[in-house]
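I have placed the structure first, in the form of structure tokens, so that the comments after it can refer back to it.
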Amino acid sequence: MKRSFTTLTEATLITAVVQQGYGEIITDALLEVGIQGSTVHGAMGVGIRERLGALGVAVDAERDVVNVMVSSDEVDRVFERMFLAGKLDTPGMGFMYATPLMQAATYVPPSILSKYVGS
Amino acid sequence: MSRRKTIRFGDYIQAMSIDSQKIPYQELMPEPLFDRHGNEHPQPVPKMKLGGGDILKILQPYLSTRFIDQARAVVPLAIYLALFQYLVLQTPVMDASIIAGGLFAVMIGLMMFMEGLKLGLMPFGEIIGNTLPRKLPLAGVLFIAFLLGIGVTFAEPAIGALQVAGSIVDPKQAPYLFTLLNDRSGATVLLVGLGVGLAAVLGTVRFLRGWSLKPMIFLSVVPTLILSVIAFMDPELTKIVGLAWDCGAVTTGPVTVPLVLALGIGVAAAAGKGADSSLSGFGIVTLASVFPILGVLILSFYTAYTVPPELIIEKAAEIKLAAQTATTQPQWYEVTPWTEVILGVRAIVPLVIFLAVVLLVILREKLKNAFITYYGIILAVVGMCIFNVGLTYGLAKLGDQSGGLIAGAFTSIDAITASPLYSMAVGVGIAALFAWVLGLSATLAEPALNALGMTVQNLTNGAFKKSMLMIAVAFGVATGIMLGVLKLIYGFHIMYILIPGYTLGLILTFLSTEEFVNVGWDSAGVTTGPVTVPLVLAMGLGFGNALGSTDGFGILAAASICPIVAVLTLGIYVQFKIKREERRVARELALEGETK
């Protein structure tokens, strides 16, 4: 059987680096806005404790990094939801950014695929 | 191919409801600094200036998540006990405001202590675990592991519960029990510590050599059982057995387990043996709960051999008399908050000094983020002091009270005028059910159990589900506590639970695979935490006193063996299921092969 794959275009990667434990809050918010899935991994942050001084003890140096791919049209909407869900308007909480993706690929169900690709 | 969603501009504006501005990141970057030769200077780290609102925003989630962690363990138990007392025993909670304050102190104290442990003590443990094996020969490492075992025992919050429990014991009825918990409590804790130290040494050697846990269990449990039987035969020492076995459950708490493990795993990793087995973390907990039993038993034999019981009773009376004459003007360190504060400082500070000496003198390492470590240590000491106050006024008082009142369900006691409230059979049933539900809910609330469940699920590739393990352990602990309460009601000796329990445990150990033996034996020690232990200890003693029984100990001991049996049994069942599945698949494959 000949195998084939479909490339998705116009995709953007949003990455949020937040205090440990907030990753789950953000992924929950992402599911609510209709994102199919996201990736979380752990990391260590450096810098905030040094800059906050005594208050630095209240900031967890261990970080959750949330990666999620969204369609480029949806970036603003999802970006805002993640910002609010992760309470990123708090000092020391973390930061986030969006990167344009050249191309992406995953399993696309045939029922959806047939709508866009003439067979 | 392209598909554009059309949205109304109004909807877009509504969706983007928060104010947003754009500034170039360039504006936020500091100017690079150059010296007069044109070389770049390192940048100074500027301190952030924060307003009051922002400080609050940082502190609020920091405090609330940590407080909720502790509240989740304490509040449901307290509500359960209060409701039970009110609805079933028809007695309001006495000194409710003092107990509520005490429980609040327990939550605050534990919150601070756990955070302090994480920030202040754990970094020590990790650095020492990682660098010590590289700088010292094995014998030196093992010696430090041994000393660490003793140190962590004194720092364990639940150990304070033993001393609190000791004040309830009547010296005339159980002189040796009294002396081990009062004037000789230091020696008792020291021997418990020696046991933990020995366990740390053996556990570390086991990591290095990759020994199986099974023979170690047989070699440590069987002599302990034999010594217990010998003590059981002695009319005076028989009252010690319950205490000795309870000590095993008391020692393995939130300080001992992570610190000793960090050292053990560090040693194993330095020898290149850390990563190959995910089981390497197990075993120490088991040994650390068996050896202290042995230690306490040996101490009791020694005491019985050297000191006659009459002398202890005399001495106890003397202490009492001295206390009565001194009541006019008690020393400042004998008044309430200060005794607890001294206990707290005495528990943590030696451990910290020991760790600091190892780190600075032997390893000559420097601490990274020294400020945070100091903050953690201070937090741990303050938290321990607050926890001790809460222990006396909250957990111990509440446990003592409900333990004393629950007896009113089936027998006549002074506190409840209408007692016995129910007929003997119904009352005993209520008491047993009460104990069972208490054990179940207390165990399921224990965060350590959740972590153990995850480990086991990963270890068995999902064959042993997390929920299954948690339920098995909780059922075991619940049944154990129930058996312990029944033991008090009917006044039979704890050995009648321990001998069949451990015999069954040893047989199951023989039949099980190494993984389940490790998990099963560790599950009991891991799950009895700093909230459950004092509560159950005090409840047992209060209950025992109300019934006029001499020996309120033993409930924790019963609660330690039952989960072992439960988990091992479940493990054998899971193994059987996997084997059956494998056989079925093999048969089907064979059939397929025939048809082709």
Side-chain angles (χ1 to χ4, degrees), chain A residues 6-11 18-22 24-25 33-34 44-62 70-95 97-98 103 108 112-113 115-118, chain B residues 1-7 11-22 25 28 30 43-66 68-69 111-112 115-116 118-120 122-123 368-380:
Chain A
T6 314
T7 307
L8 300 170
T9 55
E10 289 169 68
V18 288
Q19 278 189 62
Q20 195 176 50
Y22 283 82
E24 204 179 327
I25 297 172
V33 298
M44 285 294 281
V46 180
I48 185 66
R49 281 194 163 167
E50 287 75 2
R51 295 200 57 193
L52 275 178
L55 214 53
V57 291
V59 176
D60 202 335
E62 279 181 43
V70 297
S71 95
S72 298
D73 291 352
E74 306 252 343
V75 170
D76 286 351
R77 185 172 73 99
V78 179
F79 203 77
E80 186 187 299
R81 280 297 285 272
M82 286 170 74
F83 185 90
L84 295 178
K87 296 200 180 92
L88 288 179
D89 49 350
T90 309
M93 191 58 83
F95 68 105
Y97 51 86
Q103 57 183 13
V108 183
I112 293 176
L113 200 60
K115 282 188 210 163
Y116 300 102
V117 193
Chain B
M1 284 282 278
S2 79
R3 185 186 63 133
R4 294 266 173 228
K5 271 189 204 153
T6 51
I7 44 165
D11 288 341
Y12 178 76
I13 292 295
Q14 212 166 13
M16 304 271 103
S17 51
I18 55 165
D19 293 338
S20 66
Q21 304 93 30
K22 283 185 176 164
Y25 192 43
L28 300 180
Q43 293 273 352
V45 180
K47 287 274 178 276
M48 258 165 108
K49 292 268 184 300
L50 291 174
D54 281 337
I55 293 176
L56 223 97
K57 261 186 182 168
I58 292 183
L59 287 180
Q60 189 265 327
Y62 175 65
L63 295 176
S64 64
T65 48
R66 279 155 185 80
I68 286 169
D69 275 351
M111 171 180 106
M112 293 173 76
E115 181 68 7
K118 188 179 135 205
L119 293 176
M122 283 310 288
K368 273 196 275 173
N369 290 330
F371 170 75
I372 287 182
T373 309
Y374 295 145
Y375 164 78
I377 291 169
I378 291 170
L379 212 57

When the 4.5 angstrom heavy-atom criterion is applied to A:F79 and chain B, the contacting part is neither
Approximate separation, where rounding is to 0.5 Å, of [X] [atom1] and [Y] [atom2]:
| X | Y | atom1 | atom2 | result |
| --- | --- | --- | --- | --- |
| B:K118 | A:D60 | NZ | CG | 4.5 Å |
| B:D54 | A:D89 | CG | CG | 9.0 Å |
| A:T90 | B:L59 | OG1 | CG | 11.5 Å |

Kindly check if the number of other-residue, nucleotide or ligand heavy atoms within 6.0 Å of NZ (A:K87) is above 12? no
Part of B:I55 within contact of chain A (heavy atom distance under 4.5 Å): both
What part of B:L119 is in contact with chain A, defined as an atom under 4.5 angstrom from a non-hydrogen atom: side chain, backbone, both or neither? side chain
Grab the two heavy atoms, one from B:I58 and one from A:V59, that are nearest each other, plus how far apart they are. CG2-CG2, 4.1 Å
Of all heavy-atom pairs between B:P61 and A:Y22, which one has the smallest distance, and what is that distance? CB-OH, 3.1 Å
